Amino acid sequence: MRCFLLFFFFFLGSSMHVTRPPAHHCGTDHKDFSDKKHRDKDKLKHKDGSSDKPRDKDKHKDKEKRKDEKKSFEGKIKKENGFASPPRIKSEPDGDDFYHSPKSLKRERDDDDSDYKPKKIKVENDREDKKAKRKMVDDEDIKPKKKTKDKKGAVADGKKKAKKEPEEKWKWWEEERYTDGVKWKFLEHKGPVFAPPYDPLPSNVKFYYDGKHMKLSPNAEEVATFFAKMLDHDYTTKDIFRKNFFKDWRKEMTSEEKGKITDLNKCNFSEMSDYFKAQSEARKAMSKEEKQKIKEENERLLQEYGFCIMDNHRERIANFRIEPPGLFRGRGDHPKMGMLKRRIRPEDIIINCSKDSKHPAPPPGTKWKELRHDNKVTWLVSWTENIQGSIKYIMLNPSSRIKGEKDWQKYETARRLKKCVDRLRNQYRDDWKSKEMKIRQRAVALYFIDKLALRAGNEKEEGETADTVGCCSLRVEHINLYPEKDGQEYVVEFDFLGKDSIRYYNKVPVEKRVFKNLQLFMENKQPEDDLFDRLNTSILNKHLQELMDGLTAKVFRTYNASITLQQQLKELTTSDDNVPAKILSYNRANRAVAILCNHQRAPPKTFEKSMQNLQTKIDAKRDQLSDAKRELKSAKADAKVRRDEKTKKAVETKKKAVQRIEEQLMKLEVQATDREENKQIALGTSKLNYLDPRISVAWCKKWGIPVEKIYNKTQREKFAWAIDMADDDFEF
DNA sequence: AGTAGCACTTAGCAGGGCCCAG
DNA sequence: CTGGGCCCTGCTAAGTGCTACT
């Protein structure tokens, strides 16, 4: 199984396995998705055990028409984030966040909170509570919390004190956890920060329709500016985007405007666009002082709204700003691209906090949609977004206890899988032979999830999102079978769009039984039929749950990612390598995981250039080295002849110089290799989400590498628990 | 078993700040 | 001291998985 990963690894640098579709490749050669076939949602009933064959050739799905010519994958399209208006500083201290003016305490809270007493906030960690450091040994799962009572170290009038930076970080991982779904006992926060209100365009910035100037109503104008800001992007040329935008825009127009503006092609937004470009230039050109002022204002906002108090500790909130309105841009071929993402008002907001906390006040003259006190959830604020109707949340930062505990637990589950994975693998291999179709499909799907680290693949509502799949939702058209290819037997070729419409392309030799099963699953099916027609994630996860407590499909990804890192580190680290070389080894191990998990990125726009620059540097260094070597040689010769102290010393100096330059050269070369190999691979995602940080910490400790070389500040905050608890002998 | 809703994790990208070489 | 490029951070979309209900 694992040799497969090595196979992956050896391809690094030369030919990538997993290729990325052309990044921007829209418009012209892109077929549109207008004609749909009919798809019958009903799955045929199958009597368990009655037959091995799926008999659903008649199953037709109405789905988006796919390319008939080889798949032409629409790559990821650059996302536009730039809706946010420039940070503005108002002269009045309370100006910009009028929404949060502390006056108007129109709170709708219970009377009994009027005598609210600030909770004691723990500011620093007491030494005395250094109860037996809770080391995670193999199976030991995190113990539930009995009682949270924090009697020690609390500072009177914690409210004030809590604003100060704690001198010592709180080690929540040395405390007991809550049981049965309670997430916190006390929660207080200031609510969200709303997007700044729309700032109308100056009158000299004009909009033209059909060549004629037209003054737009504020609402229509605002939506027009969203479009104008995106004009440089390819997707404003896409039909679906334009169609969706225009439809939503018209909803914002006055009836008079609606009557006039009937064709988007006759709209001229260029003055608006130029205006925003100029604004952005002006922002860049601001003086130091102005920039400083903005920075300070942001800091003030952060201090006020960016933290909450949860169970006596001041914790950082991840996203305390409400998403500003703008045009929705999904990823890949999203049917809703271009739709208007509406502005969120206080009336849309649900606040979650403790009953006995000081409730956040809605902006003057407004009300929250709801104020609730649910300590079985972790979010502080939520609202329903208008594009998909899904709920958005404000939650805590990854450095918080509540996120950290969960993260830790995730890796403990993966470590438990490690202990029974052999059993499980034998089980699914057996199941390949089952007489029940459903079981065979389940077993083959599980094999893919395990071997290839595929995602589970939940069903998605058609037409609501881009057409992407995971393991359980693979369709016949996503794989090709080759009894023999490139000298290997039983090769399966995968080619599909996964999460975020990232293409997964891979050719994998599989076991004969798997191959035969796949042929069976594909018999009498149309390309657009489900490969695993008797399977979904719910069935799969139910099965996994029976095999191991807490086991779900995604645990395999975590497990395989982490175990791969550990193995690769073991294999690649050479003890007499210097620090940069060791770090290269780490990055390569990390990269093996990123490839396994198919974590891709668009090659940086400046890649070629910066690579060239680096090469120039390397060449220069090489010249410098040969010069230095020549000098050393002549110094040696000189010393041989003269045999005096002075020349001897000169030789030593030259030697040192050569050494230093060699080291520098090597460092540059390592850098070049690393960067080249990393061209279209993103290491961050696996590092942040799949790799047990204790593996990395242990590796750092073992080889004397400072953790700072592996984790930046944010990452160190997120992984504080691991940095604190992992010793050099940690085994995943 | 299927489905909808909810909560929470995982994902890539853009923009800006910061750092370092020249 | 300055300009270019790299890295970090914020942003928010897009997944997974659980639960309640039918």
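If you're wondering where the values come from, they're calculated on a predicted model, not measured in any experiment. The sequence lines fix the lettering, A, B, ..., with proteins before strands; numbering per chain opens at 1.
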Review point. So which of A/Ile695, A/Leu417, A/Val593 actually passes side chain to side chain contact (heavy atoms under 4.5 Å, CB included) with A/Ser562?
Key: A/Ile695
Exercise for review: Quickly work out the A/Asn712 CG to C/dG10 P distance and round it to whole Å.
Suggested key: 11 Å
Revision key, fill the gap. The residue, A/Glu323 or A/Arg675, whose nearest nucleotide of DNA chain C is more 5′ is A/Arg675
Practice item. Would you please confirm or rule out a distance under 4.0 Å between OP1 or OP2 of C/dG15 and any side-chain N or O of A/Lys460? Key: yes
Exercise for review: Could you state the atom-to-atom distance from CG of A/Asn587 to C1' of C/dC7 in whole Å?
Suggested key: 13 Å
Review point. If you fit an axis to the five pairs at each end of the helix from B/dA1-C/dT22 to B/dG22-C/dC1, how big is the angle between those two axes, to 10 degrees?
Key: 20°
Practice item. Determine the contact category for A/Gly498: base if any of its heavy atoms lies under 4.0 Å from a base atom, sugar-phosphate if only primed atoms, P, OP1 or OP2 are that close, otherwise nothing. Key: sugar-phosphate
Review point. Nucleotide by nucleotide, 5' to 3', does protein get under 4.0 Å of the base (B), only the sugar-phosphate (S), or neither (-) in nucleotides 16-22 of chain C, counting heavy atoms?
Key: BBS----
**Study point:** Distance below 4.0 Å between A/Thr685 side-chain N/O and B/dG12 OP1 or OP2
**Key:** yes
Review point. Could you give the CG-to-P distance, from A/Asn689 to B/dA11, as a whole number of Å?
Key: 6 Å
Review point. Listed by chain and number, what are the ring-ring contact (aromatic ring centres under 6.0 Å, His included) partners of A/Tyr393, not counting sequence neighbours?
Key: A/Trp379
Review point. Between A/Lys713 and C/dT9, does any side-chain N or O lie under 4.0 Å from OP1 or OP2?
Key: no
Review point. Any luck finding a side-chain donor-acceptor pair between A/Lys410 and A/Thr558 under 3.5 Å?
Key: no
**Study point:** Test side-chain hydrogen bond (donor to acceptor under 3.5 Å, both in side chains) applied to A/Tyr275 - qualifying residues, sequence neighbours left out
**Key:** A/Gln279
Practice item. Give a yes or no on whether the ring-centroid distance for A/His478 and A/Tyr504 is below 6.0 angstrom. Key: no
Check your understanding: Counting side-chain heavy atoms from C-beta on, which of C/dT12, C/dC8, C/dA14 comes nearest to A/Asn319?
Key -> C/dT12
Exercise for review: Can you sort out the partners of A/Phe494 under ring-ring contact (aromatic ring centres under 6.0 Å, His included), two or more places apart, ordered by chain and number?
Suggested key: A/Phe448
Exercise for review: May I ask you to verify if any side-chain N or O of A/Lys183 is less than 4.0 angstrom from the OP1 or OP2 atom of B/dA7?
Suggested key: no
Study note, to complete from the structure: Which of B/dA7, C/dA13, B/dT10 is nearest the side chain of A/Arg331? It is C/dA13
Practice item. Would you jot down, in residue-number order, the residues of residues 382-392 of chain A having a non-hydrogen atom under 4.0 Å from DNA chain C? Key: A/Gln388, A/Lys392
Check your understanding: Does a side-chain N or O from A/His334 land closer than 4.0 Å to OP1 or OP2 of C/dA14, or not?
Key -> yes
Point to revise | Gap between atoms NZ and P, on A/Lys277 and B/dG15 respectively (whole Å) | key: 13 Å
Practice item. Select from A/Lys284 and A/Val377 the residue whose nearest nucleotide in DNA chain B is closer to the 5' end of that strand. Key: A/Val377
Practice item. Do nucleotides 17-22 of chain B as a string where each nucleotide becomes B, S or -: B if the base has a protein heavy atom under 4.0 Å, S if just the sugar-phosphate does, - if no protein is that close. Key: -S----
Check your understanding: Going through the distances and angles, do A/His599 and A/Tyr690 end up as a ring pair (Phe, Tyr, Trp, His ring centres under 6.0 Å)?
Key -> CA-CA 11 Å; A/His599 290 142; A/Tyr690 289 103; 5.6 Å; yes
**Study point:** N or O in side chain of A/Tyr690 less than 4.0 angstrom from B/dA11 OP1/OP2
**Key:** yes
Review point. Can a salt bridge be assigned to the pair A/Arg300 and A/Glu304 using a cut-off of 4.0 Å between side-chain N and carboxylate O?
Key: yes
Check your understanding: Looking at A/Phe194, does the NZ or CZ of A/Arg345 lie under 6.0 angstrom from its six-membered ring centre and within 45 degrees of the ring axis?
Key -> no
Revision key, fill the gap. Rounded to whole Å, the CD1-P distance (A/Ile394 to C/dG10) equals 14 Å
Practice item. Indicate whether OP1 or OP2 belonging to C/dC11 is found under 4.0 Å from a side-chain N or O atom of A/Arg329. Key: no
Exercise for review: Using the test salt bridge (charged side-chain N to carboxylate O under 4.0 Å, His left out), find all partners of A/Arg372 that sit at least two apart in sequence or belong to another chain.
Suggested key: A/Glu370
Review point. Is any side-chain heavy atom of A/Arg342 closer than 4.5 Å to a side-chain heavy atom of A/Asp348?
Key: yes
Practice item. Return the 5'-most residue of the pair A/Ser538, A/Leu688 with respect to DNA chain B, ranking by each residue's nearest nucleotide. Key: A/Ser538
Check your understanding: Taking only N and O in the side chain of A/Arg557, is any of them less than 4.0 Å away from OP1 or OP2 of B/dA11?
Key -> yes
Point to revise | Contacts of type salt bridge (charged side-chain N to carboxylate O under 4.0 Å, His left out), residue A/Lys609, not counting sequence neighbours | key: none
Review point. What is the distance from CG of A/Asn397 to P of B/dC8, rounded to the nearest Å?
Key: 16 Å
Review point. Atom CD of A/Gln715 and atom P of C/dG10: how far apart are they, to the nearest Å?
Key: 13 Å
Check your understanding: Taking the side chain of A/Arg283 as its heavy atoms from C-beta onward, which of B/dC6, C/dT9, B/dG16 lies nearest to it?
Key -> B/dG16
**Study point:** Nearest-neighbour nucleotide for the A/Lys403 side chain, C/dA14, B/dA11, B/dC8 considered
**Key:** B/dC8
Revision key, fill the gap. Sequence neighbours excluded, the answer for ring-ring contact (aromatic ring centres under 6.0 Å, His included) partners of A/Phe320 is none
Practice item. Determine: side-chain N/O of A/Lys609 to OP1/OP2 of C/dG5, distance under 4.0 Å, yes or no. Key: yes
Study note, to complete from the structure: Residues at least two apart in sequence or cross-chain that pass salt bridge (charged side-chain N to carboxylate O under 4.0 Å, His left out) with A/Lys336, listed by chain then number, are A/Glu464
Review point. Does NZ in A/Lys291 sit with more than 12 non-hydrogen atoms of other residues, nucleotides or ligands closer than 6.0 Å?
Key: yes
Study note, to complete from the structure: With sequence neighbours left out, the residues meeting ring-ring contact (aromatic ring centres under 6.0 Å, His included) with A/His334 are A/Phe328
**Study point:** Proximity to the side chain of A/Arg316 - top-ranked nucleotide from C/dG10, C/dG5, C/dA14
**Key:** C/dG10
**Study point:** Nucleotide B/dA11, atom C1' - distance to NZ of A/Lys687 in whole Å
**Key:** 17 Å
